[in-house]
Amino acid sequence: MTAYLSRRFAGMVVVMLMVAAIVFVIARVVPGDPAAVMLGSNATPADVAALRTQLGLDQPLPVQFALYIRDILSFNLGNSIFLNRPVVDAMLDRAELTGWLTGLSVAIAVLIGVPVGVLAAVKRGTLLDQGVTAVSMLAASLPSFWVGLTLIEYFAVRLGWFPVAGYGNPGAGLGERLHHLVLPAIALGLPNSALIIRFTRTSMLDVLHEDYVRTARAKGLGPWAVIIKHAFRNALIPVLTVIGLTIATLIGGAIVTETVFGLPGVGNLIVSAVLRRDYPVIQGALLIISGLYVLINMAVDLLYAVVDPRVRY
Amino acid sequence: MFQLKTGFTALAFGALLLGQPAQAETKSAIDIATIGEPGPLDPVTVTSDLVSIITQHVFETLYAFDGKWEAAPLLASALPTVTDGGTLYTIPLRTGVKFHDGSAMGADDVVASLQRWLRASPRGKLAAPAVDSVAAKDDHTVTIKLKQPFAPLLPLLAFQNGAAAIMPKALAATTDTLKTYIGTGPYKIVEQKPDQYIRMVRFDAYSSPSGAPSGYAGTRKAEIEELRFVPVPNATTRVDGMLAGQYQFADSLPTELAPKFKGQTVAQPIMVKPFAFALLIFNQKTGPMANPTVRQAAQAALAPEDMLLAAFGDPAFFQVEGSIYPKGTPFYDEASVKGYNQHDPKKAEALLKQAGYKGEPIKILTSPQYDFLYKMSLVAQQNLEEAGFKVDLQVLDWATLLSKRGDPAQWDAFFTFHTFVPEPSLITIMNPAYPGWWDTPEKKAALDAFNIETDPSKRVTDWKAIQGLFYAQAPAIKIGEFYSLTAQSKKLAGYTPMEWPFFWNVKLAQ
């Protein structure tokens, strides 16, 4: 296990350095200039040039790259040009919201996806199965901004049960903050639940035809005991993979939902940084997210061993 | 794992039960939905409208515009005394004005602030060549010595965009973008959470100017205890937030969403007139559009009315108007608007032939981030192609457009808009350094004459000459006026619709 973990961590460092280099190049290749965005449309090219100098953006790219790598190696992700604060602080500010939003969305997705997927597999070919398949296809196809705006229209504007947007007023407690996250979590959780339903159903169908399931039934176990104890546990590995990928994607990828609900999450930070050409934030945020992505994948791989005793590292 | 997920779910439902109403929790706090995160709140170096809207509550200038767009005293105690043939401005300051850090405002602070403005503000840099010195005459009097008369000085000192904002001397020492915000305004910033809110509270030691409120001038009273500027980039969410009562004011709403307010009891839409005008600016430095006859051909080809209709749909939101200044303002002039709204492809074709245009692609920059500009650009493309232009319409994000337009080799025309400014010399295209680079000898002479003229009626005549040149030389096309749609809660009382919304003298009904 130790050797396996060491190999994975070494690989992670290589991946991170590659990500760092690629992100630096991509951010600079895209036209646009943070100084021009900061100064607004009334600024002249001379004003923009002066701010570029102040921000150190007039230095040759190799020099900027060398400084950037030096900073990364000393665990310094730099300062946001636009927000005027360290990138790590900007990320930490958003970590709480993104953590809760990801957690709630995945909880919704799993709580709907896994039981419904299992039920659809057990009731294969019935009206229930066909209905679940059709609804999950529909849910997976719905654009998240549409789901978000529809939820806002009915549950926030008409019924007034939830706030329209934001993450609570200054000094808001956890209850109020989570209250703000219920609709976005549903908007994100529903399409992801469809994916989990489909994977769970397929995986369960594969397992339900295995000999050991037939044996379990033959020895007189109750139908749900067979399904839960024998079939479901073995069907769980592909489902775990999907859940892991869902979590990883949601950390930085809930961009549309965050924009619709005006949530200051990590996805919002990255999109804003791209629009503003805030290079340090783009670089730092993507580096952190890719690190988390690798870590989550590693955690999922380790969970395989917990779920399936045949898996050894 | 499942236990963990169940825990999350329980918390979600708990949140639903425990959640507080989303509205501002006290009656003296309001949430103002803005178009996005403003970034550094430096009113001097940053000229974005959003920064001006927010910072005008915190930083103040010596003068402010009243309801008739005339300068009135704000931190000054009276209008300046102008002597020495218009080259010496003596500005008396109000006494008893305090900064948010508790220190008293004095002439040294004002001198340092004006010097920072002259060297760091895009607006201040327009005045800098005319300024010889800024000095403190005594503790409460400042003098500005000019090299030659410069009439736009007073409007520039009153303008809150690229503002001559007064701050403590120590803060004004830096040319770099501000990191701390200490002004004299009715509100002081207590917290800025990027992409979440900017929170400001009433400044208890605020010293207000006297006189009846008028425009941005007159008495200022912070009736509401706390203002929160909340970035809400999605316009539909801003509207929904107003209708749900979560925000008490929302800025920059798309005109097509105006019908959502019909029959609503919580909020009402507000139209801001005058607001802005759209422009198609030509590159006069290099490329085909550097030829004035080609620019006149474009002027002949375009159909501003169609462009405005495509952009805004409902004529209630725009005005087909060639005069750079709208009706009702001192600089409005119809006579010098020759060549506006022609839509004459044959004339354009003839002018192109006369100019020797050989079908070089005209690179036009536009951005879907401002939907109305993008829609206008599609109509313009069709108009120009009908007349024989070959158009290369480049659809870019706004950041790329701003960056590209600085390099004359990369474009021939770009779409933008300009908010209403009370002083013509503040219009960006008047600045020869602004992309487009309108710097002909005739324009320079006319603008110089306008800038040194201090008699208001003669300035109007001089302005007509400049507007005449604008149409004769076609450095840009003025497409037309458009208005801004905002919304306010029906609980807000005393709000005055202005280009840069402000919330002093505004009350929240019980």
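As a basis for the values below, the full set of heavy atoms in this structure was taken, side chains included, without hydrogen atoms, waters or symmetry mates.
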Visitor: Decide whether B/Y434 and B/R405 meet the rule of one side-chain donor and one side-chain acceptor closer than 3.5 Å.
Guide: yes
Visitor: Which bit of A/R158 is near chain B, if near means a heavy-atom gap under 4.5 Å: side chain, backbone, both or neither?
Guide: neither
Visitor: Go through the atoms of B/T177 and report whether side chain, backbone, both or neither lie under 4.5 Å from a heavy atom of chain A.
Guide: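 Both parts, backbone and side chain.
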Visitor: Do B/E191 and A/P170 come within less than 4.5 Å of each other through their side chains, counting heavy atoms only?
Guide: yes
Visitor: Among B/D42, B/L243, B/D397, who wins on heavy-atom pairs under 4.5 Å with chain A?
Guide: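 Among the listed options, the one with the most contacts to chain A is B/D397.
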Visitor: Please classify the contact between A/L51 and chain B as side chain, backbone, both or neither, with a heavy-atom cut-off of under 4.5 Å.
Guide: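 The answer is the side chain of A/L51.
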Visitor: Any chance the side chains of B/S52 and B/N161 put a donor and an acceptor closer than 3.5 Å?
Guide: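 Result is yes, a qualifying pair exists.
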Visitor: Tell me if a side-chain donor or acceptor on A/E258 pairs with a main-chain N or O of A/N268 at a distance below 3.5 Å.
Guide: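 At least one qualifying donor-acceptor pair exists.
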Visitor: Which region of B/Q192, side chain (C-beta onward) or backbone (N, CA, C, O), has a non-hydrogen atom less than 4.5 Å from a non-hydrogen atom of chain A, or is it both or neither?
Guide: neither
Visitor: Where on B/K179 is there a heavy atom nearer than 4.5 Å to chain A: the side chain, the backbone, both, or neither?
Guide: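 Contact with chain A is through both the backbone and side chain of B/K179.
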Visitor: Contact part of B/V230 toward chain A, heavy-atom cut-off under 4.5 Å: side chain, backbone, both or neither?
Guide: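 Interface part for B/V230: neither.
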Visitor: Do A/T241 and A/Y304 get their side chains close enough for a donor-acceptor pair, meaning under 3.5 Å?
Guide: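 Judged by distance alone, the side chains do pair up.
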Visitor: Which answer fits A/A46, side chain, backbone, both or neither, if we ask what part of it has an atom under 4.5 Å from a heavy atom of chain B?
Guide: neither
Visitor: Report which part of B/D176 has an atom under 4.5 Å of a heavy atom belonging to chain A: side chain, backbone, both, or neither.
Guide: both
Visitor: For chain B, find which of A/D33, A/T259, A/V260 contributes the most heavy-atom pairs closer than 4.5 angstrom.
Guide: A/V260
Visitor: Could you verify whether a donor N or O on one side chain and an acceptor N or O on the other, from A/R277 and B/T400, lie under 3.5 Å apart?
Guide: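 The answer is yes; a qualifying pair exists.
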Visitor: Mind ranking A/A49, A/G160, A/A172, A/P45 by heavy-atom pairs under 4.5 Å with chain B and telling me who comes out on top?
Guide: A/P45
Visitor: Take B/T237 and A/F261 through the side-chain contact (heavy atoms from CB on, under 4.5 Å) test and state the conclusion after the steps.
Guide: CA-CA 7 Å; B/T237 310; A/F261 287 95; over 6 Å; no
Visitor: Give the member of B/S48, B/G162, B/A433, B/A33 that has the highest number of heavy-atom pairs under 4.5 Å with chain A.
Guide: B/A433
Visitor: The test is side-chain contact (heavy atoms from CB on, under 4.5 Å); show your working for A/R276 and A/V281 and say whether it passes.
Guide: CA-CA 10 Å; A/R276 298 163 186 155; A/V281 173; over 6 Å; no
Visitor: Which heavy atom in B/P408 sits nearest to a heavy atom in B/T286, and how many Å separate them?
Guide: O-CG2, 3.3 Å
Visitor: Would you mind checking which part of B/R123 comes under 4.5 Å of any heavy atom in chain A, side chain (CB onward), backbone (N, CA, C, O), both or neither?
Guide: side chain
Visitor: Of all heavy-atom pairs between B/D251 and B/R238, which one has the smallest distance, and what is that distance?
Guide: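 Nearest heavy atoms, B/D251 then B/R238: O-NE, 2.9 Å.
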Visitor: Side chain, backbone, both or neither: which part of B/T47 has a non-hydrogen atom closer than 4.5 Å to chain A?
Guide: both
Visitor: Side chain, backbone, both or neither: which part of B/D240 has an atom under 4.5 Å from a heavy atom of chain A?
Guide: both
Visitor: Tell me, out of B/P40, B/P38, B/P194, who's got the most heavy-atom pairs with chain A below 4.5 Å.
Guide: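 The residue among B/P40, B/P38, B/P194 with the greatest pair count is B/P194.
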Visitor: Centre-to-centre under 6.0 Å for B/F159 and B/W500, is that the case here?
Guide: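 Under 6.0 Å, so yes.
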Visitor: Checking heavy atoms, do the side chain of A/V37, its backbone, both or neither come under 4.5 Å from chain B?
Guide: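 Contact with chain B involves both backbone and side-chain atoms of A/V37.
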Visitor: So what's closer than 4.5 Å to chain B heavy atoms on A/L275: side chain, backbone, both or neither?
Guide: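 Contact with chain B involves both backbone and side-chain atoms of A/L275.
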Visitor: By the definition ring pair (Phe, Tyr, Trp, His ring centres under 6.0 Å), identify the one residue from A/F155, A/W161, A/F162, A/W100 that meets it with A/H179.
Guide: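 Only match with A/H179 under ring pair (Phe, Tyr, Trp, His ring centres under 6.0 Å): A/F162.
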Visitor: Output the option from B/T175, B/D407, B/N234 having the highest count of non-hydrogen pairs under 4.5 Å with chain A.
Guide: B/N234
Visitor: Of the backbone (N, CA, C, O) and the side chain (C-beta and beyond), which part of B/I429 lies under 4.5 Å from a heavy atom of chain A, both, or neither?
Guide: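 For B/I429, no heavy atom lies under 4.5 Å from chain A.
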Visitor: What option among B/A399, B/G36, B/G406, B/P231 has the most heavy-atom pairs under 4.5 Å with chain A?
Guide: B/A399
Visitor: What part of B/T236 lies closer than 4.5 angstrom to a heavy atom of chain A: side chain, backbone, both or neither?
Guide: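 Interface part for B/T236: side chain.
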Visitor: Measure from the side-chain N and O atoms of A/N192 to the backbone N and O of A/A109, and report whether any donor-acceptor pair falls under 3.5 Å.
Guide: no
